[in-house]
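So that the names make sense, note that chain A is the first sequence line, chain B the second, and so on, each numbered from 1. Just so it is clear, the values below take in all heavy atoms, side chains as well, and ignore hydrogens, waters and symmetry mates.
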Amino acid sequence: MSALHLYDTATREVGVFKPLIPGQVSIYVCGATVQSHPHIGHVRSAVNFDILRRWLTWSGYDVTFIRNVTDIDDKILHKAVHEKMPWWALAMKYERIFTQAFASLNVLPPTYEPRATGHITQMVELMQILIDNGAAYAPGNGDVYLEVRKLKRYLTLSGQKLDDLMPAADADETFKRDPRDFALWKAAKAGDPSWPTPWGAGRPGWHLECSAMAHAYLGEAFDIHGGGLDLVFPHHENEIAQSEAAGYKFANRWMHNAWVTQSGEKMSKSLGNTLQVEVILQRVRGIELRWYLGSAHYRSMLEYSEAALDESAVAFRRIENFLLRATEVLDLPLEPTISDAFCGAMNDDLAVPAGLASISENLRAGNQAITDGDKAAIAKNANEIRGALQILGCDPFDSNYPQGATSDVNQALDGVIKLALKERAAARERKDFAASDAIRDGLLDLGITIEDTAQGPRWSITEKS
RNA sequence: GGUCGGAUGGCCGAGAGGCGAGGCAAGGGACUGCAAAUCCCUCUACACGGGUUCAAAUCCCGUUCCGACCUCCA
């Protein structure tokens, strides 16, 4: 079996993945700021890192996966005024909606999901270290800043130079020793929530939270830090700055997912081109949206279009349909296995598109095997497809996805349709094709599709779209 | 201005020196009473101009176009 290779944003190279502690992998992924409805870009990130996690777990690692919730920031405060509710109520409202969106796409819950507001103590401790060792300063206005000029390795992740950065538009720079210094802590404004610190009451800056929480749950060094590509600067640079200045090794490897775009442009609120997960889920099922989002390579931009989404969903249904037929023919549950081809693809920096090619090959061979009645070949191909789908989080038999009714109602329906099919078979027998077609068309009008297979007719409920 | 990424067949989308991934669409065929489903076949591409090489979509130089980050961003 090949070894897992992953890209590292810091080196811009794909290299062999070697965990700090054999057999264990620790991952910190920047989660959402819960101030609005999730769009498909948000969940793409979650899906990408969920696939990474599932692959690591399958590969035998004990994975600790942290994804935080930023539940305090400027936008949340503004939005709370707008929606006429306390900031904490607004944050909780959207956190629940995000959680629901993740669940619809079968994104596994993180091992721990810390909230920023629950880790103020750790943030104050981190600031104390930084102030004590001279890396940070509190100018007396309640803010605390990190002095970036003192850092040796600042901006190495994004490969920029401090002096090349466009000057920040901050008006309030009078307290900064350098305009590029960034706030670890922001002084309380009247009416805003605040927490006491030795340097005055205030609230955390965005970057500080992640450093503090990563340290709290994963320690001074961990394997992988993930997030969207747009977090490289300033967020991740600043996390590195704070953590390294405090003497931590911090992340060993950086992974960033690319965007979902529309008309070539990144999905963003300012462009007004965001597509809410809840809206898309009225068009396709969660498993189909996940298949769509997961099928692109995580470092490639995914250009959204309804046509592409629909096409992807149709392709998925083909695969799903094969799995269903295979299960019927074999009369056994499928046992997920990972083929060499799929394994090789995933080990190559999670090359899902290459893995998809192997699924297509399995699909073709598997369908052929059903026609031939070759049960061994059916099982092999179906098992390999199911194994791949599990890694991608798109296993149709996964109980996290809504399963077709297995109840009495479904059995009754099956009986009724079989009765109709019997009538149809009889009509065909006596060459009364008008009658047989009437039955088939009648069922189709009800959303029930009939397929005549080598093993006899089978029915399925047609997806509405 | 600085940094980074991209341009592949009608469409989507991998690959990264030598066997032209895969999917969708289209056309043809098999199967079928007709369909549907399924299978087989066909369609042979790498933005442009130079260069390196026995060999370039892949490496080098230059050009054009598109996008991202430098302000909150998955």
Side-chain angles (χ1 to χ4, degrees), chain A residues 9 12 29-33 35-36 38-49 67 70 73-76 78 98 155 157-170 180 206 226-235 237 256-261 263-271 274 293 295-303 305 307-308 310-312 314-315 318 321-322 325 341 345 348 351-361 363-372 427-428 431-434 436-437 440-441 444 449-454 457-458 460 462:
Chain A
T9 308
R12 312 207 183 261
V29 175
C30 288
T33 300
Q35 49 103 4
S36 187
H39 63 239
I40 56 174
H42 292 122
V43 288
R44 178 190 184 185
S45 179
V47 165
N48 285 156
F49 285 104
R67 188 185 59 224
T70 297
D73 91 320
D74 283 337
K75 284 192 176 178
I76 291 174
H78 292 155
F98 264 84
L155 303 182
L157 184 64
S158 58
Q160 300 182 94
K161 292 198 188 94
L162 200 50
D163 294 310
D164 289 339
L165 294 182
M166 280 181 141
D170 271 301
R180 271 80 178 197
W206 176 36
L229 198 49
D230 42 4
L231 299 183
V232 173
F233 184 89
H235 186 51
E237 292 285 14
H256 293 94
N257 65 279
W259 301 287
V260 179
T261 58
S263 309
E265 294 189 312
K266 178 185 164 193
M267 197 162 285
S268 75
K269 296 209 85 181
S270 50
L271 277 172
T274 64
L293 294 173
S295 60
H297 186 93
Y298 74 92
R299 288 193 282 120
S300 298
M301 282 193 268
L302 178 60
E303 168 71 17
S305 72
D310 290 347
E311 183 187 303
S312 173
V314 168
R318 263 188 92 211
N321 196 240
F322 164 69
R325 287 178 64 196
D348 181 14
V352 174
L356 260 34
S358 79
I359 293 177
S360 292
E361 173 58 25
L363 180 64
R364 196 186 54 71
N367 273 320
Q368 186 67 61
I370 288 182
T371 307
D372 298 343
R428 293 177 73 193
K431 306 250 190 267
D432 182 357
F433 297 122
S436 70
D437 287 354
R440 186 175 66 195
D441 294 345
L444 191 62
T449 305
I450 302 307
E451 284 168 38
D452 289 316
T453 73
R458 68 185 290 272
S460 57
T462 310

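Between the CE atom of A:Met267 and the C1' atom of B:A74 there is a distance of 11 Å, rounded to whole Å. Summarising the geometry, the separation between NE2 on A:His235 and C1' on B:U71 is reported as 15 Å, rounded to the nearest angstrom. Separating the CZ atom of A:Phe233 from the P atom of B:A68 is a distance of 18 Å, rounded to the nearest angstrom.
Listed nucleotides B:G33, B:A36, B:A68 differ in distance to A:Phe433; the shortest reach to its side chain belongs to B:G33. In the set B:G2, B:A36, B:C69, B:A36 carries the atom at the smallest distance from any side-chain atom of A:Thr449. Considering only the side chain of A:Gln368, B:C39 comes nearest among B:G2, B:C39, B:G33. Of the listed nucleotides (B:A21, B:G23, B:G67), B:G23 has the atom at the smallest distance from the side chain of A:Ser360. The side chain of A:Gln160 lies closest to B:G2 when the candidates are B:A37, B:G2, B:A21. Side-chain proximity of A:Glu265 to the nucleotides B:G5, B:A14, B:G67 is greatest for B:G67. The nucleotide whose nearest atom lies closest to any side-chain atom of A:Asp164 is, among B:G2, B:A74, B:G22, B:G2. Among the nucleotides B:G67, B:C34, B:A74, the one closest to any side-chain atom of A:His39 is B:A74. Out of B:A36, B:C34, B:C72, the shortest distance to the side chain of A:Lys75 is found at B:C72. Taking the side chain of A:Arg440 as heavy atoms from C-beta on, and the options B:A35, B:A37, B:A14, the nearest nucleotide is B:A35.
Residue A:Leu231 is classed as a sugar-phosphate contact, given heavy-atom separations below 4.0 Å to backbone atoms only. Residue A:Asp163 is classed as having no contact, given no heavy-atom separation below 4.0 Å to the nucleic acid. Across all strands, A:Asn257 comes closer than 4.0 Å to base atoms (heavy-atom distances). Here A:Arg299 lies out of heavy-atom contact (under 4.0 Å) with every strand. Here A:Glu311 lies in heavy-atom contact (under 4.0 Å) with a base. Using a 4.0 Å heavy-atom distance criterion, A:Ser436 is classed as a base contact. When heavy atoms are screened at a 4.0 angstrom cut-off, A:Gly159 is found touching the sugar-phosphate backbone but no base atom. No engagement by A:Ala351 is indicated, since no non-hydrogen atom pair under 4.0 Å with the nucleic acid exists. Counting non-hydrogen atoms under 4.0 angstrom, A:Val260 reaches a base of the nucleic acid. Using a 4.0 Å heavy-atom criterion, one finds that A:Arg428 contacts the bases of the nucleic acid, with or without backbone contacts as well.
Nucleotides B:G50 and B:A57, compared at atom P, are 14 Å apart to the nearest Å. Separating the C1' atom of B:G62 from that of B:C54 is a span of 26 Å, rounded to the nearest Å. Taking the C1' atoms as reference points, B:G22 lies 23 Å from B:A56, given to the whole Å. Here, B:A21 and B:A16 have their C1' atoms 13 Å apart, quoted to the whole Å. Using atom P as the reference point in both B:G1 and B:U63, the two lie 13 Å apart (nearest Å). The separation of B:G17 from B:U53, taken at their C1' atoms, amounts to 9 Å, rounded to a whole angstrom. If you take atom P in B:C61 and the same atom in B:G5, they sit 14 Å apart, rounded to whole Å. When the C1' atom is compared between B:C34 and B:C41, the two are found 24 Å apart, to the nearest whole Å.
Between A:Leu229 and A:Ser263, it is A:Ser263 whose nearest contact on RNA chain B lies nearer the 5' terminus.
Counting atom types as modelled, A:Asp452 pairs a side-chain N or O with a base atom of B:A35 as donor and acceptor under 3.5 Å. For A:Arg318 and B:A37, a side-chain-to-base donor-acceptor distance below 3.5 Å is absent, hydrogens and geometry of angles not being considered. Scanning atom types as modelled, no donor and acceptor separated by under 3.5 angstrom connect the side chain of A:Arg364 and the base of B:C40.
For A:Val352, the side-chain contact (heavy atoms from CB on, under 4.5 Å) partners at least two apart in sequence or on another chain are A:Met346, A:Leu356, A:Leu392.
Residues A:Leu155 and A:Lys161 approach most closely at CD1-C, 3.7 Å, considering heavy atoms. The two atoms that bring A:Pro457 and A:Asp452 nearest to each other are CB-OD1, 3.6 Å, heavy atoms only.
Base pairing in RNA chain B gives the following stems of 3 or more Watson-Crick or G-U pairs, range against range and under 3.5 Å: B:1-7 with B:64-70, B:10-12 with B:22-24, B:26-30 with B:38-42, B:47-51 with B:59-63.
When the side-chain nitrogen and oxygen atoms of A:Lys266 are compared with OP1 and OP2 of B:C69, one or more of them lie within a distance under 4.0 Å.
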